[in-house]
Amino acid sequence: MHLSLFVQCFHCCKSSPWRKKMGDSIDLSGDGGVLKNIIRGAKPDAIVPSESLPLLDVHYEGILAETGEVFDSTKEDNTIFTFELGKGSVIQAWDIALRTMKVGEVATITCKPEYAYGSAGSPPEIPPNSTLIFEIELIACRPRKGSTVNSVIDERARLEELKKQREVAAALKEEEKKKREEAKATAAARMQAKLEAKKGQGKGKGKAK
């Protein structure tokens, strides 16, 4: 089965504009309903889902948290599952979690029932009120069919600009750090010079007596 065939009305449920960490997990929903653990991080400049790149290609494996049983997987036949983000074609937990992933990233997503298939479940594979665990790999982000290539180029240009801005900010931060260290060293040298001068004056007075 594919997730798109079992979408419930829970896409209209809770959403949170903030996230918090819970141990090694990231609480994406803010109420513990969608937890993310990164297994393999992506490159810093990897592409992320966006308005111009909403079509996502993923590999995944779905597991029942209670029993550890695998109920769905693309790994067995090495297929790719494609869906459009934010269109309600997957469970709410996926819409929340995939927005935070980058191409090349692998993560486990733990979903409470209210962010998955709820009290109805998805018989016979998924019982009612089931907490689910998905291991997901984001393979690619693509534009919608009919979208111009310019949207992809614009997205890449935006990412390149962000990368440059980060590099400039990092360079400025490093420069400020060097200036602070130089200022400290200069101040310490002046203080040492003053101490040496005072010692010299004390010795001179002693000789005069």
Side-chain angles (χ1 to χ4, degrees), residues 1-20 25-38 42 46-66 69-77 79-148 151-152 154-155 158:
M1 72 171 182
H2 277 306
L3 299 176
S4 56
L5 301 177
F6 298 101
V7 176
Q8 306 294 330
C9 63
F10 303 103
H11 294 272
C12 302
C13 295
K14 312 168 188 174
S15 63
S16 174
W18 58 281
R19 302 169 190 157
K20 59 184 178 181
S25 300
I26 303 172
D27 183 358
L28 300 180
S29 59
D31 59 2
V34 183
L35 302 178
K36 174 184 174 183
N37 286 77
I38 298 175
I47 294 175
V48 297
S50 65
E51 288 295 324
S52 59
L53 298 169
L55 289 180
L56 310 185
D57 295 336
V58 302
H59 274 313
Y60 72 89
E61 185 169 80
I63 301 166
L64 297 175
E66 187 174 351
E69 178 185 352
V70 175
F71 63 84
D72 194 11
S73 177
T74 62
K75 295 181 179 180
E76 293 179 1
D77 52 5
T79 57
I80 292 175
F81 177 57
T82 301
F83 72 97
E84 184 170 349
L85 194 64
K87 293 297 183 180
S89 58
V90 292
I91 58 175
Q92 189 184 10
W94 274 46
D95 267 335
I96 292 172
L98 267 297
R99 292 178 190 278
T100 72
M101 295 182 67
K102 296 180 178 181
V103 171
E105 181 179 327
V106 179
T108 58
I109 309 299
T110 302
C111 327
K112 285 189 175 179
E114 55 267 34
Y115 289 94
Y117 298 102
S119 58
S122 181
E125 289 89 353
I126 302 174
N129 298 311
S130 292
T131 294
L132 309 178
I133 300 172
F134 291 95
E135 182 179 305
I136 303 173
E137 178 183 5
L138 180 55
I139 298 171
C141 302
R142 298 180 288 108
R144 295 182 187 89
K145 291 181 179 179
S147 297
T148 62
S151 62
V152 180
D154 291 343
E155 180 67 14
R158 184 184 71 83

Report task. May I have the step-by-step check of side chain to side chain contact (heavy atoms under 4.5 Å, CB included) for Tyr117 and Leu132, ending in yes or no? Result -> CA-CA 9 Å; Tyr117 298 102; Leu132 309 178; 3.6 Å; yes

Query raised in the report: Would Phe134 and Cys111 count as a side chain to side chain contact (heavy atoms under 4.5 Å, CB included) if you check the C-alpha gap in whole Å, the side-chain angles of each, and the deciding distance to 0.1 Å?
Result: CA-CA 8 Å; Phe134 291 95; Cys111 327; 3.8 Å; yes

Query raised in the report: Between Lys36 and Thr100, is a side chain to side chain contact (heavy atoms under 4.5 Å, CB included) present by the stated rule, with each step listed?
Result: CA-CA 9 Å; Lys36 174 184 174 183; Thr100 72; 2.9 Å; yes

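Using a 4.5 Å heavy-atom cutoff, the side chains of Pro54 and Glu84 are in contact. In this structure, the side chains of Leu28 and Ile26 come closer than 4.5 Å at one or more pairs of heavy atoms. Counting only heavy atoms from C-beta outward, the side chains of Pro49 and Leu56 approach each other to under 4.5 Å. A 4.5 Å side-chain heavy-atom check between His59 and Ile80 finds at least one atom pair inside the cut-off. Taking the side chain as every heavy atom from C-beta outward, Ile109 and Trp94 never approach each other to under 4.5 Å.
Of all heavy-atom pairs between Ala46 and Val103, the closest is CB-O, 3.5 Å. Nearest heavy-atom pair, Ile63 versus Val70, reported as atom, atom and distance to 0.1 Å: CG1-CG2, 4.1 Å. When all heavy atoms of Lys112 and Asp31 are compared, the closest pair comes out as NZ-O, 4.4 Å. Across every non-hydrogen atom of Met101 and Ile136, the tightest pair is CE-O, 3.6 Å. Contact detail for Asn129 and Ser119: the closest heavy-atom pair is OD1-CA, 3.3 Å. Shortest non-hydrogen contact noted between Phe83 and Ser89 is CB-OG, 3.8 Å.
In this structure, CG in Leu98 is found 11.0 Å from CD1 in Ile96, a value given to the nearest 0.5 Å. Here the CG atom belonging to Asp57 is positioned 11.0 Å from the CD atom belonging to Glu137, to the nearest 0.5 angstrom. Taking CZ of Arg142 as the reference point, atom CD1 of Ile47 lies at 12.0 Å (rounded to 0.5 Å). Here CG of Asp95 is found 5.0 Å from CG of Leu85. Values are rounded to the nearest 0.5 Å. In this structure, CZ on Phe71 lies 9.5 Å from CD1 on Ile133, to the nearest 0.5 angstrom. Atom OG of Ser50 sits about 10.5 Å away from atom CZ of Arg99, to the nearest 0.5 Å.
In this structure, the salt bridge (Lys or Arg N to Asp or Glu O under 4.0 Å) partners of Lys75, at least two apart in sequence or on a different chain, are Glu135. For Glu66, the salt bridge (Lys or Arg N to Asp or Glu O under 4.0 Å) criterion is met by no residue, not counting sequence neighbours.
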